[in-house]
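Everything quoted here is computed from the prediction, not taken from an experiment.
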Amino acid sequence: MMISSMTQRTLKKTFASLLVAGTLCTSGMVAAQDAEPKDAEAQESGFGSTFQGWRGTASLGATSSTGNAEASNINGSIRLSKTVNRWEHLVFGSVFKGTSSIVIVERDQEGNPITGDDGRPQRTIVKGDNSDRLALGYQPKFYYTPKTYFFGILDWEQDEPGNIDSATRQILGVGHRFFSDATGFLTAEVGLGNKNTDLVLGDDVNGGIGYIGLNYLNHITEEVTFNADLRSDFGSDNTFVEVGLGIAFKVSEKLAFKIAHFSRSNSDLSSGDSPLDSNSDSVTSLNLVVDI
């Protein structure tokens, strides 16, 4: 019995989400077994041992406008980590969701407004998504030395306005922490792996990839922090580059406001059916960041 293309893609999304969640739970339980008991009650509880010791940040930003044009946008991210002996487990996720509704005047091929029987221009309400991206990932690290580590990356994303119905990556590599102190840190990673990209329109892009990543953070003052991140994977059929910049202003022990700029480019994934097709997207936002 043949399974439809839509069903296959749905199964792939479900499998990717379950794989990330399952890996997180497994790593948490294994880490809890390796760690020295600190809380007897938590050790006896599977739920407690899985989530004990995770730390990180969560951010959220949103805008809304109404009137002659309506638009709403929401973006959020979460980043959690847990360290046990030489192992560090990192879980991350992000969402970008935006919709808009505008009124446009219908025009003919020469650009002139089309009028109705009453002589008034004909207008149409256009609704759609201007961004719709969801990403999940898991990265374990094993520190061979205090500064050098081996890592793996398992992640999944969906970005239909970017013509990505589903994309998964599996990467193995090595990273190095050039410095890490009270002022901040700088790390670099290189690796090799595989990437499978199912497109909304067009032929799927699958194959081996190389990977590089850079992460920099600087505490400018006790209240102001700057970060810059870059990651890229590249293969014979596609090159992906993502850059993130941010500056955070701390307002309390666990709360900060952050101005963030996020841009990404994905070559050769354009559907070719829209005059607005682009290989790159950018988002600038003001977010509320909470330490977890």
Exercise. Determine, stepwise, if the pair S81 / W54 fulfils side-chain hydrogen bond (donor to acceptor under 3.5 Å, both in side chains).
Key: CA-CA 5 Å; S81 65; W54 289 91; over 6 Å; no

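- For the pair D291 and R55, the salt-bridge criterion is not met [side-chain N within less than 4.0 Å of a carboxylate O].
- Centroid-to-centroid, the aromatic rings of F96 and F262 come within less than 6.0 Å.
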With a 3.5 Å cut-off and sequence neighbours excluded, list the donor-acceptor pairs that the side chains of residues 248-258 form with protein atoms.
residue : atom : partner : partner atom : Å
S252    : OG   : L255    : N            : 3.2
K258    : NZ   : N227    : OD1          : 3.2

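- Between the side chains of Y149 and E189, at least one donor-acceptor pair of N or O atoms lies under 3.5 Å.
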Quiz item: After noting the C-alpha distance and the side-chain angles of N266 and N238, does the key distance pass the side-chain hydrogen bond (donor to acceptor under 3.5 Å, both in side chains) rule?
Solution: CA-CA 7 Å; N266 232 328; N238 175 248; 3.1 Å; yes

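- Under the 4.5 Å side-chain heavy-atom criterion for Ile, Leu, Val, Met, Phe, Trp and Tyr, L60 and V290 are members of distinct hydrophobic clusters.
- If you take CG on N215 and CG on L186, they are separated by 8.5 Å, rounding to the nearest 0.5 Å.
- Hydrophobic clustering, with ILVMFWY side chains joined whenever heavy atoms are under 4.5 angstrom apart, keeps F142 apart from L172.
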Exercise. List the steps and the verdict of side-chain hydrogen bond (donor to acceptor under 3.5 Å, both in side chains) for T284 and H261.
Key: CA-CA 4 Å; T284 301; H261 178 77; 2.8 Å; yes

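- Each salt bridge (Lys or Arg N to Asp or Glu O under 4.0 Å) pair with one or both residues in residues 209-230, not counting sequence neighbours, would appear here, but there are none.
- Using a 4.0 Å cut-off between a side-chain N of Lys or Arg and a carboxylate O of Asp or Glu, R133 and E157 qualify as a salt bridge.
- The residues D132 and K97 are annotated as salt-bridged, a charged nitrogen and a carboxylate oxygen being separated by less than 4.0 angstrom.
- Here the side chains of L217 and T225 are in contact, with some heavy-atom distance below 4.5 Å.
- For S232 (side chain) and F240 (main-chain N/O), a donor-acceptor pair under 3.5 Å exists by modelled atom type.
- Between Y138 and H89, the ring planes lie parallel to each other; the angle is under 30°, not in the 30° to 60° tilted range.
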